[in-house]
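Everything on this sheet refers to the single structure shown next.
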Amino acid sequence: MSGGAESSTGRSAGMAAAPLLLAGLFCAVSPWVLHFTGSQPSLVPHNLVIGIAIAVLALCFTAMPGRMTGAGLAIVALGAWLIVSPWVVGQSPDMGVILTNVIVGGLTIVLGAACAGLSLMSGKKRGTRTKAART
């Protein structure tokens, strides 16, 4: 039987993962929405793959938030990579490409850290309940 605190933490992680899913989907389609497929062809598959990875990890948070602490930290790393990737992967990026990746990367870092923290809290609550049930 699931307790109220654990289910509320799971709901909170789901609420943090929903905007993370949208950020990942926007990152995946941003080369076509912002029309930098011609000016930055190397960033097109990069943003597509990174965006899909963020979206899939966000979906995993909604399914089982208590077991996704490590994935939350991976999302934070993906967000940091999104911020620096226009200069590493792209060739002389323009302001639109830079702003898009910096904003989406910053949101990904903040929301990924929130998901990791919430899943860590959920895991600790589950661990204390398990220990209490054993004694």
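Starting from 1, each residue takes its place in the sequence as its number.
One hydrophobic cluster, built from ILVMFWY side chains closer than 4.5 Å, holds both Val102 and Ile109. Cluster annotation: Ile54 is connected to Phe26 through the hydrophobic network of ILVMFWY side chains, with a link wherever side-chain heavy atoms come within less than 4.5 Å.
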- Query: Given the rule in the side-chain contact (heavy atoms from CB on, under 4.5 Å) test, do Val33 and Thr100 qualify, once you have shown the distances and angles that lead to the verdict?
  - Reply: CA-CA 11 Å; Val33 172; Thr100 299; over 6 Å; no
- Task: Give the C-alpha distance, both sets of side-chain angles, the deciding distance and a yes or no for side-chain contact (heavy atoms from CB on, under 4.5 Å) between Val97 and Leu34.
- Result: CA-CA 8 Å; Val97 173; Leu34 300 173; over 6 Å; no
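Cluster partners of Trp32, using a side-chain heavy-atom cutoff of under 4.5 Å among ILVMFWY residues and allowing indirect links, are Val44, Leu48, Ile52, Val56.
Ser42 places a side-chain N or O within donor-acceptor distance of the main-chain N or O of Val89, the cut-off being under 3.5 Å. A side-chain donor-acceptor contact under 3.5 Å links Gln40 to the backbone of Gln91.
One finds the CG atom of Leu111 at 10.5 Å from the CG atom of Leu118 (value rounded to the nearest 0.5 Å). Leu43 CG to Leu82 CG: the interatomic distance, rounded to the nearest 0.5 Å, is 9.5 Å. For the atom pair CZ of Phe61 and CG of Leu20, the computed distance is 7.5 Å after rounding to the nearest 0.5 Å. Taking CG from Leu59 and CG from Leu21, the interatomic distance works out to 5.0 Å, rounded to the nearest 0.5 Å. Note that the SG atom of Cys115 and the CG atom of Leu73 stand 11.0 Å from one another [nearest 0.5 Å].
Judged as a side-chain hydrogen bond (donor to acceptor under 3.5 Å, both in side chains), the pairs with a partner in residues 15-30 (not counting sequence neighbours) are, in order, Ser30-Asn47.
The minimum heavy-atom distance between Leu78 and Ala53, with the atom names listed, is CD1-CB, 4.3 Å. The minimum heavy-atom distance linking Ile83 with Pro86 is given by the pair O-CD, 3.4 Å. Listed here is the closest heavy atom pair of Ala17 and Thr62: CB-CG2, 3.9 Å. Closest approach of Thr37 to Pro31, counting heavy atoms only: CG2-O, 3.4 Å.
Under 3.5 Å, the side chains of Asn101 and Ser85 contain a donor-acceptor pair of N or O atoms.
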